[in-house]
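Heads up, the thing below is written out as structure tokens.
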There are 2 protein chains.
Amino acid sequence: MELGERKQRILSAVIDVFIRTGEPVGSKALVGLLENSVSSATIRNDMAELAAMGYLEQPHTSAGRIPTAAAFRLYIDRLMKRNELSDEDRRGIDGILTHAADDPEKLIGKASQALAEETGCVAVTTTPTGKTADIRMIDVLRVSPHSAALLLMSGSGLLRTRVCRFDREVGDKTLEMLSQHLNQSFCGCSLSEIGLPQIQSMVVSLGEHGLLCAPALNAFYQLVQESAEAEVSLTGQLNLLHHPDYDHERARDLLSFLARRELLTSLLTAMPKGLRVVIGSESHRPELDGSSIIVTRYNLGGGPDGSIGIIGPLRMNYATAIPRIEYFARSIGKILDEIMGENNARNTDEE
Amino acid sequence: MELGERKQRILSAVIDVFIRTGEPVGSKALVGLLENSVSSATIRNDMAELAAMGYLEQPHTSAGRIPTAAAFRLYIDRLMKRNELSDEDRRGIDGILTHAADDPEKLIGKASQALAEETGCVAVTTTPTGKTADIRMIDVLRVSPHSAALLLMSGSGLLRTRVCRFDREVGDKTLEMLSQHLNQSFCGCSLSEIGLPQIQSMVVSLGEHGLLCAPALNAFYQLVQESAEAEVSLTGQLNLLHHPDYDHERARDLLSFLARRELLTSLLTAMPKGLRVVIGSESHRPELDGSSIIVTRYNLGGGPDGSIGIIGPLRMNYATAIPRIEYFARSIGKILDEIMGENNARNTDEE
DNA sequence: CGTTAGCACTCTGGCTTGTCGAGTGCTAAC
DNA sequence: GTTAGCACTCGACAAGCCAGAGTGCTAACG
């Protein structure tokens, strides 16, 4: 069902005003805002029809109208004019990212922080990892006579360490042997390939050292598990507490939901590629009613990638937030590729 | 000025009830609770005097009394009966800590989480580091043709890594040389000794590789800085949002304050050794009015140590929280010593 | 037929009012 | 020093009221 041109303009205007003020908008307020303005009565008629079509609703009889989730959907897909970033904005972001940008984790942390600050929402990121990432190297470092640290570097540029304790003192040779075996067996493997059986077979191949090294192998297994699944991190939760749309309960409930990382992970990893906007109840999660999620992927040259996005109130400023998130994702992908030295025809000559 | 024995009992009872209910407590409510009960009129008289002495105050004329900060101070220092942990509690904590206890960071994370959950407050911990910690080892790991990761292990058992990018490709020899020089120069040094001058002099001693390695040295410097200062982490912020004593504003303000880590760090590091309770305004931070902090240090055998504690409403359950925190601190210290292999006459034969 | 002006209607939010109950302070008796 | 009794104060809560905003409908207009 096609919407008349004026109705589209009215709906757009309602959404714009609502995003700005957060209050139901009445017919009179729109009179001054439309291009070829018509009288408030006409607008009322159109609004009544828009309400009948499910795009507007009124909290109570004599209040203005507020846009429904369907209206936001239409707005984002068709009506909205993207508010592209100014050169200044870009420079600002570039500055933030290139400043402490050598380290992947730092980079993503900074990006998350900046995004949260600029949008006033909660920023959500996942580490650049995935089942497809492979193991680049493994190292074993002595910590004390009877404990050592394992280090794992994955193809996505992440380093993870973990200390383990042996049942008795271990010699340098044992550690060295352990390191060699681990590297031989697992270097180049994708993280998802490695399961308990493979690791248990190491106990055998290590011969006399096998049993002694069991704690280390156990730690290694945990390390692999940990690296294989995307690690979600949130920034700017405080922003929610400052936002007028979130009262105590709503903020608490949303944050409680976000604290359950496993739910969030599954939500994010289930997203198809490209930029996605999930509006309120579209996620079928009651906790997300009244909130929107905008996420996209940042791609490394190869397989592994991660997500970056924001979570905030339904009436967030999509027009500026969306281009901003896209820019962040592109920049992160580019910088990570540079760090990791992927040779995929990107100009790495900048700076 | 000494308090009469009955007044002490009355004050204790008021505090106990207030901690339980959070509401002003009246004279009648106390009649049934005191040992050698007296009439409500007598209690009223005593309460009036306690109010005059600054231990009680009433929100308005015809409400019950609530304890002042001074009352809590007295309560904690003299009146309170510590509610020692049951064997079961201890076993529970031991189980949590020994379960994933090989890794120092994991250990402290788990402890923090458990403490937050058990007390319903925000748990605060600092990593076991300090100016006095020394550098145990440094490693340089190749990440890509033109980037590498630096790894630093400090005497407190913490591993920190950071990736850095070189201006052009670097050979294995260069990295190896860098690693050797860094270890020779800085292994065994305390973290606080290392400043920019020492690192800059490395550029010279590295000879032809000096300039190429500048980014790595810069990253190393940042790594040292980072490891030198205690890293504060909070767990269970959501608890505040569930607590009836914190409405939207109070929760927001407290969390905003806690988010400013530098303030928190200075607050924690300024604490003298031993267990401390800071009640509301005693910290001279307006944001902490109405909240209390309980912290203590956990000590490693050697110099470095960290803090663990909780932050919550004034009317928290001090009698059970304090022994609990002490137990956590002792356990963490013991386990870390075991991991790090300090030989200080502790029985490491458990389990 | 689409647009406009006018009007009666509805509903919310804020304000005032009145009542209830908890708790106190004081006084006088024990 | 302790207790009983009583008048008083104050906040919480419900009920009632008013003003304002915004609508839906109808009738007139081009």
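Because the structure is a prediction, the values reported are computed rather than measured. Chain identifiers are assigned alphabetically (A, B, ...) following the order of the sequence lines, protein sequences preceding nucleic acid strands; residue numbering begins at 1 within each chain. All values below come from the heavy atoms of this structure, side chains included, with hydrogens, waters and symmetry mates left out.
For the strand DNA chain C, secondary-structure stems (runs of at least three Watson-Crick or G-U pairs, all distances below 3.5 Å) span C:1-30 with D:1-30.
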With sugar-phosphate taken as primed atoms, P, OP1 and OP2 and all else as base, the protein-contact string of nucleotides 22-30 of chain C at under 4.0 Å (heavy atoms; B, S, -) is BSBB-----

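Residues satisfying the salt bridge (Lys or Arg N to Asp or Glu O under 4.0 Å) test with B:E262, not counting sequence neighbours, are B:R260. Under the side chain to side chain donor-acceptor pair (under 3.5 Å) criterion, A:E282 pairs with A:R73, not counting sequence neighbours. Residues forming a side chain to side chain donor-acceptor pair (under 3.5 Å) with B:S281 (at least two apart in sequence, or on another chain): none. Taking B:E23 as the reference, nothing meets the side chain to side chain donor-acceptor pair (under 3.5 Å) condition, with sequence neighbours excluded.
Taking 4.5 Å as the limit, some side-chain heavy atom of B:L30 sits within range of a side-chain heavy atom of B:I10.
As rounded to whole Å, 17 Å separates atom P of D:dG22 from atom CD of A:E57. In this structure, B:I43 places its CD1 atom 17 Å from P of D:dG1, rounding to the nearest Å. As a whole-Å value, the separation of B:E23 CD from D:dG11 P is 16 Å. Distance A:E5 CD to C:dG2 C1': 15 Å, rounded to the nearest Å.
OP1 or OP2 of D:dT2 has at least one side-chain nitrogen or oxygen of B:R6 nearer than 4.0 Å.
The side chain to side chain donor-acceptor pair (under 3.5 Å) test with A:E5 is passed by exactly one of A:Q8, A:R9, A:K7: A:R9.
Between B:E118 and B:R324, at least one side-chain nitrogen of the basic residue sits less than 4.0 Å from a carboxylate oxygen of the acidic one, meeting the salt-bridge criterion.
In this model, no donor atom of one side chain and acceptor atom of the other lie less than 3.5 Å apart for B:S256 and B:D253.
For B:H60, the side-chain atoms get nearest to D:dG11 when compared with the rest of C:dT3, D:dG11, D:dA4.
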